[in-house]
Amino acid sequence: MEKDINQLIIIPTKKISCTFDGNENSINLEDSFMFLLEHLVLASSKKKYIYLSSDNNLSFKNESSAMIATAKFLYQASFHYFSQTKRVFLDINVIFEKLNSKFLAGFNSQQEIEILFLGEQKAEVEQFLQTQSNKQFKGSELKFDQLSESSILVPCKFSSLPISNSQAHLRVALGGTFDHLHIGHKILLSVAAFAAKKSLVCGVMDPSTLTNKKFHELLEPLETRIQNVSSFLKLINPNLACEIVPIFDAFGPTLTDSSIDTLVVSQETSAGGDLVNTKRIEKGFSSLEIITVEVISSSKNATAKEIINAKVSSTSIREQLGKNDDL
């Protein structure tokens, strides 16, 4: 059986600085690691991983905010590089050692993992490789010279997320179609999984509700979409209790589960959050705290928005599948 090829970079969290100023997050990653990230995104492998090693604690308003801001920045930077390619689909995952310390041990024997690393990481990576008896890991050292113009232009700021230190977020909910799981989905799921203190419930739209979707005949089966969401959540926060359930309307379990206290929505679906709270109050339930996520930040430039719509869109992915284009 042919082995899957995966590529991985390890970023020590001490290489990332997070600051909070009013309503704006500022994330900075050392130049050499921006260089490493760009090479990972542009490489030919289909599956890519960014592993944040816990050599110090990220400092922010609180730890959840720090992880959310960092993951969102890394996904957004990855998208920035990817948007300059002709490919449509990017399978990249941001994992924190603090939440999944067994990540590196979780690959099966049929998966070949190439670790891209810098000279300053060489001793650490070689020591790790010596502990691997099955030889499925290999290392490739990259020589850092200078940042490309593309790296210099990566946006480093975005609006903050209201992740409080309160007793909220004990049970977090979100919902969607989650067809051909992409960066936009992963940002939403990461926000929910990092904010949740005890449990998460995710609703996945049943096919009966999706007949008006463009290229609906190329939608993944419900079972596949549920499995993809479940696998991603287990990857980023394996100790969180997660329920993935089919839903038949925009409300899902928010109108039947009074223990839900938080709802994660995208900017595009934020009005739905208000409607959920109206219906909950009518039923005698408490209103939910709403966390609204701008999935991929962009300038107001029309061309930039067109690129985002084309590349962070399940509809576009289905369209390209219909054309038999290389994803």
[X] and [Y]: side chain donor to acceptor below 3.5 Å:
X	Y	value
Gln227	Ser231	yes
Asn93	Lys186	yes
Asp179	Thr177	no

Considering only residues two or more places apart or on different chains, which pairs with a residue in residues 109-132 satisfy ring pair (Phe, Tyr, Trp, His ring centres under 6.0 Å)?
Phe128-Phe137
Same cluster or not: [X] versus [Y], using hydrophobic residues (I, L, V, M, F, W, Y) connected whenever any side-chain heavy atoms lie under 4.5 Å apart?
X	Y	result
Leu263	Leu275	yes
Ile281	Leu288	no
Val245	Leu219	yes

Measure across [X] and [Y] and return the closest heavy-atom pair with its distance rounded to 0.1 Å.
X	Y	value
His180	Phe89	O-CE1, 3.7 Å
Val201	Arg171	CB-NH2, 3.9 Å
Ser270	Val265	CA-CG2, 3.8 Å
Met34	Ala77	CE-CB, 4.4 Å
Ser32	Glu120	OG-OE1, 3.8 Å
Ser266	Leu188	N-CD2, 4.0 Å

Using a strict cut-off of less than 4.0 Å between a Lys/Arg side-chain nitrogen and an Asp/Glu carboxylate oxygen, indicate whether Lys15 and Glu30 qualify as a salt bridge.
yes
Between Lys122 and Glu124, is the closest basic N to carboxylate O distance under 4.0 Å?
no
Side chain proximity check, Ile92 to Ile183, heavy atoms < 4.5 angstrom:
yes
Heavy-atom distance under 4.5 Å between the side chains of Leu29 and Leu74, does that happen here?
yes
Evaluate the criterion side-chain contact (heavy atoms from CB on, under 4.5 Å) for residue pair Leu42 and Thr85; output intermediate values, then yes/no.
CA-CA 8 Å; Leu42 299 182; Thr85 73; 3.6 Å; yes
Residues that Phe103 engages under ring pair (Phe, Tyr, Trp, His ring centres under 6.0 Å), provided they are two or more places apart
Tyr49, Tyr51, Phe107
So, applying side-chain contact (heavy atoms from CB on, under 4.5 Å) with Leu233, which one of Asn228, Leu200, Leu240 is it?
Leu200
How far apart are the C-alpha atoms of Phe144 and Phe33, what are their side-chain angles, what is the distance that settles it, and do they pass the side-chain contact (heavy atoms from CB on, under 4.5 Å) test?
CA-CA 9 Å; Phe144 172 60; Phe33 284 89; over 6 Å; no
When rounded to the nearest 0.5 Å, the distance separating OG of Ser45 from CG of Leu40 is 6.0 Å
Looking at Phe285, is Lys283 sitting on its ring face, NZ or CZ under 6.0 Å from the six-membered ring centre and within 45 degrees of the normal?
yes
For Val264 and Val293, run side-chain contact (heavy atoms from CB on, under 4.5 Å): C-alpha distance rounded to whole Å, both residues' side-chain angles, the deciding distance at 0.1 Å, then the answer.
CA-CA 7 Å; Val264 173; Val293 183; 3.9 Å; yes
Would Glu282 and Arg280 satisfy side-chain contact (heavy atoms from CB on, under 4.5 Å), going step by step from the backbone distance to the final call?
CA-CA 5 Å; Glu282 289 176 358; Arg280 279 178 66 93; over 6 Å; no
Per side chain to side chain donor-acceptor pair (under 3.5 Å), Ser140 is matched among His39, Glu114, Gln7 by Glu114
